[in-house]
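Reading through the structure tokens given below for one structure.
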Amino acid sequence: MTPVLELSEVTRRYSQADGSELTVLDSVSLAIEPGETVSVAGRSGSGKSTLLHVAAGIEVPSEGAVRLGGRDLAGLPDAERSRLRGRSVGLVFQFFHLVPYLTVRENVLLPARIARVREVRGTKGDPREVDAAADRLLAAVGLEGRAREPARRLSGGEMQRTAIARALLLRPALLLADEPTGNLDARGAGAVADLLFRLVRDRGAGLLLATHDPELAARADTRLRLRGGRLFADERPPSSGVR
Amino acid sequence: MIRLLLRAAPARLRAAPALGLLPVLAIALGAGAVLSVQLLNRAALETLDASLEVISAGADLVVTSLVEEAGSVPDEAWPVVLAAPGVRRAAPVIRLAGLRVGTPDQEASVPGWGVDMVSGSFDFAGAEGGGGTLAPEAFFSGGIVLPERVAGRLGVDPLDPVWIGLDGAGAAGRRPTLVAGTYPGEDGRASAFLDLAYAQALRGRPGLDRIEVSVAEGSDVETIGRALSSRIPGVRIEESGTLRAEGAELFSAFRLNLLALSAVSLLVAAFLVYASVRAALAARRQEIGLYRALGASRRRVGVLLLGEVLLMAFAGAALGIPVGALAAGASLDRVSATISNLYLLERIEGLTIAPQVVLLAGLVAVAAALAGAAPQVFAETSRAPVTLLAPGRASLSPARRRFWRLGPPVAGTALIGAAVWAALDPGSWPALPGSGFGAAGALLIGAALLPDAVVRLTAGLRAGENSAVGRGIVAALREPGSTGPPAAALVVAVAMLVGVSALIGSFRATLDAWLGETLAADIYVSRAGGAGGARSIASERRALSAEVLAATAADPDVRDRDLLRALRVRLEGRPVAVLGVDAALPEAGDRFSILRDREAALAGFGEGELLVSEPLARRLGLEAGAALSLPAAAADRPLRIAGVYRDYGNEQGALFLDRTLMNSLYPPEPGTPSPVHGAALYLREGADRAAVVTRLERALGLGANVVDNAALRSRALDVFDQTMAVTGLLRVFALVIAALGVGLFLWTLVRERAPEVALNRALGADRGQVAGGFLGRTLVIIGISLLIGGGAGAVLTLLLVQVVNPGWFGWTLTLHWPLGVLAAQAAAVVLAGLLAAVLPARLASRLDATALRQEI
């Protein structure tokens, strides 16, 4: 089976003001199969977000290759890389990143609007299907009653649930979540984590989760840790994807 | 704390250069617009002053004629004045309107005077500050004394040969002479001097224009003035200085129009400052909250923020000085042509950048910037520190929110309502001076307060959300705070463009129709240099020679001639043209567009009654049936007014009467024929008009202008277009400032919304889609501006046509919408808006998804 995400010897370096270079990712390799959940732990500034950005094609690695669903991102023009990301990857962020003046439902529908799609993979192609999918996702995250409210009026937990629904709308093969519970209280964090894992598993998507919350990390099939720019198996050895 | 803010200012400018620099640029353009208009107005006034100022040093009184035909103070009046008790000196003066001096390579326009130095009545050195050189023998042989500035430009020195002539007389009218001397001159108001006799010869008729009188020490000026009035009939005695004041009044409407247009640029700039300060403060809410939390009072923070605006305003005002000077220089020719056309003055030869004018423009720009910034500074400093510190949630109390949400549209609607009332029912609007301009100002401010509310009302509209442009449109409609302010600036510019263009279009259409209606004759003949239209009423208009009159009478194709005599009198302190025509001529009535009861008016006119122009009727409150006494007329009897006619050639006022009656009221000099200043020729049926024109031109040489009515009509419209051309630059100023505003706001949005852009990029949007989103926002700003600005512009047009013009100029205009011009301007607005959006959209499209590390 083709991995939904494959990183081969990925290095990401940044130039610093004094002319030196800072290596944030150092020869990282990773593969995620469909339906597999992987967590990456690490201290603040260890490179977790950079790893997710590289995996999504938001940042280009200094060296190495990134393949999404078997397609190498290297050399793809910006428009094509953007299109691939929009169709294949769902993103969940620590700070939610909802558009405040759009309603909850409009936020969920945003990926479909950007990708100019009216149908969701696996449906019959009804032009209204994407709208129906958004409504189903809102029901699944418990926000159907607030669909028409501006996003700015939601609580933190509601905002993150909206962001999860948005990330899953186009049934992406891969979900990338960057500290999805980092900005929530304990109760809200538990509810959001439950929702995230349940929906990902229901849809058979791969999940790459960056977190410094050990409890959340422990829920993943595979647990990894970033240290000094390199990726290590975290505690229990998995059968995991570290190569 | 002030030091802290000042130290942080460069860093803030580096971080957001456009937010700091674009308002500076807007203030600079606003200051530039005001400065350029002030400089041009001043230059025009200086030219006028040069023609009106008393040229004799220490003159106390000026003797002029009640009837202002050129040379209408008789030569014989001079010895009478000289002999009057208490008169120390009396200097006879004639003014050479449109004097041109030249060499084979260069020529220049200069105010010219004929003076008498033989008797010592005119003290050249004393009058012009001394320091000059004079070769008396050359002067008394017809030589000319030039200011050094003009001599330098022509490259001539004393005793060098030059030619002199009057404007429009052509090469044949030039006379060779010598430079009799030069002198330094002052402030660009320097004049040229000829000996009185040679000046009279150049003008082609005897007589003086005025006598400047100095009274003996210890004598009472008023008493001597009264004595002179009683000794010399038909003259006006004024204290020196009043001539200039009256002359300035001539210009008042012209200057006011330019000032109003420059004020619009300033208003747009003020809105831009308002908008940029609003954006800058929104970005600095947490910083302001921190200062407040650390103990700074509201007042202190407010003063500091206004201090920053003040620095920005000073920078803008400083930049505006060269902008204004350049703009004035670029417009000088147009204004000069206008002044020359309307007021028969010399062309304006140069600009003087006076410190007080620069200071005034700078202060006005700074005041506009502070007025634009103050509301936002007040609003931000009124917020509680805790709401300022909460990122993205700095909210006002519900009552304040309601106030800021409802206050502007309610105030805007009220202001627009008042303006609409004035436009639709001008009669019930308070007849205060400037009330029409006041209503126009209220309209523009009211319209600028509406975009926020319109955006809120349309927030529910849906666009094609599957397109990036559609999503940009939705975003713009959902965010009144980011759409309203740039739209407000553009609304003012659009309203001004529509209003001024429609006014000019209405004026031109009305003028065209009026010319078509009143240019009834086939051919018009005037003395070379007199172009008809507005010029025809000027006192300096020269009479047709006997040869010209004989030639027109002798032409076999001429069926009838309508001869015109023109002179100028003063009615209630202002000049009025008195025009005599042949009332008995069957076609004479065709030259008038009568306002009411045409038949009765023309019948009365044929029986010795007056026809008065609409501007004069409005100014003096005259109407058909009223009686009017003409000043200085030989027979002091009131004449009945037969009717009021439309006149778009003269804002000062004019009246027509039968020429025979006019000659009896104002008899010519004994022994001289009554002067004729123009002849309208009616040709026999089937005559070839072009052939007659050619024949007369050949017979009359360059001494007369012979034009057919089509050419005259076309010339009048050309003069009109030339006159209005000066408004073009000011319109462009307002549009550029508004487009800068749109660009500034979009740029600010790019900075503010970098995380939002990044989210779209993360969700798969490519660069084109990001740029498309900004295009959508721009289209909303432009659309709202065209919608509100177009409506406000229509009301402004009504105000200008129905209130301002009748009130200030006494002209009734027929409303005409120049649809082609308006469509072109709408396209220019769209283009300017889109051009302004190019850079921000490009910046936005270069953002990538890494900005997601920030919060939206």
Side-chain angles (χ1 to χ4, degrees), chain A residues 14 49-50 52-54 56-60 76-103 106-118 127 130-131 148 150-153 159 163 166-167 169-170 172 176 178 183, chain B residues 390-395 455-456 459-460 462-483 749 752-773 776-777 780 845-856:
Chain A
Y14 293 102
S49 294
T50 303
L52 263 61
H53 285 170
V54 169
I58 290 172
E59 287 191 59
V60 179
L76 282 185
D78 175 77
E80 185 58 28
R81 206 166 62 235
S82 301
R83 203 179 72 81
L84 186 62
R85 178 167 66 244
R87 297 289 184 119
S88 313
V89 181
L91 291 158
V92 180
F93 309 94
Q94 179 180 357
F95 292 110
F96 327 131
H97 291 315
L98 301 183
V99 181
Y101 54 82
L102 295 181
T103 65
E106 285 169 335
N107 266 285
V108 173
L109 281 165
L110 197 55
R113 303 301 187 213
I114 288 173
R116 299 189 186 94
V117 295
R118 292 182 181 279
V130 71
D131 292 354
R148 298 197 180 279
R152 62 175 174 270
R153 292 196 193 151
M159 285 189 181
R166 179 180 67 192
L169 178 75
L170 296 182
L176 300 172
D178 188 1
N183 217 22
Chain B
R393 291 177 190 281
S395 59
V455 173
R456 284 182 211 286
R462 305 188 70 82
E465 290 168 19
N466 275 339
S467 73
V469 175
R471 283 196 298 282
I473 291 173
V474 168
L477 294 178
R478 300 274 176 90
E479 290 188 293
S482 69
T483 309
L749 267 187
E752 279 181 1
R753 302 301 158 82
E756 184 183 319
V757 172
L759 172 68
N760 281 281
R761 296 281 283 134
L763 294 178
D766 58 31
R767 289 185 176 141
Q769 285 179 301
V770 171
R777 282 180 181 272
V780 171
S845 70
R846 285 182 175 177
L847 289 174
D848 61 33
T850 52
L852 277 175
R853 291 170 199 268
Q854 305 169 42
E855 202 176 354
I856 287 186

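The figures here come from the full heavy-atom set of this structure, side chains too, leaving out hydrogens, waters and symmetry mates. All chains are named by letter (A, B, ...) in the order of the sequence lines, taking the proteins before the strands, and each is independently numbered beginning at 1.
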With sequence neighbours left out, write down each residue that passes side-chain hydrogen bond (donor to acceptor under 3.5 Å, both in side chains) with Arg761(B), or none if nothing qualifies. Asp78(A), Ser82(A)
Heavy-atom donor-acceptor pair, Glu756(B) side chain to Val99(A) backbone, under 3.5 Å: no
Heavy-atom distance under 4.5 Å to chain B: side chain of Ala56(A), backbone, both or neither? neither
So for Arg166(A), is it side chain, backbone, both, or neither that comes closer than 4.5 Å to the heavy atoms of chain B? side chain
Donor-acceptor under 3.5 Å (Arg85(A) side chain, Leu763(B) main chain): no
Can a salt bridge be assigned to the pair Glu106(A) and Arg471(B) using a cut-off of 4.0 Å between side-chain N and carboxylate O? no
Any heavy-atom pair between the side chains of Asn760(B) and Leu110(A) that's under 4.5 Å? yes
For Ser845(B), the side-chain hydrogen bond (donor to acceptor under 3.5 Å, both in side chains) test, sequence neighbours excluded, returns none
Please tell me if the side chains of Asp766(B) and Arg83(A) come closer than 4.5 Å, counting only heavy atoms from C-beta onward. no
Tell me, side chain or backbone of Leu102(A) under 4.5 Å from chain B's heavy atoms, or both, or neither? both
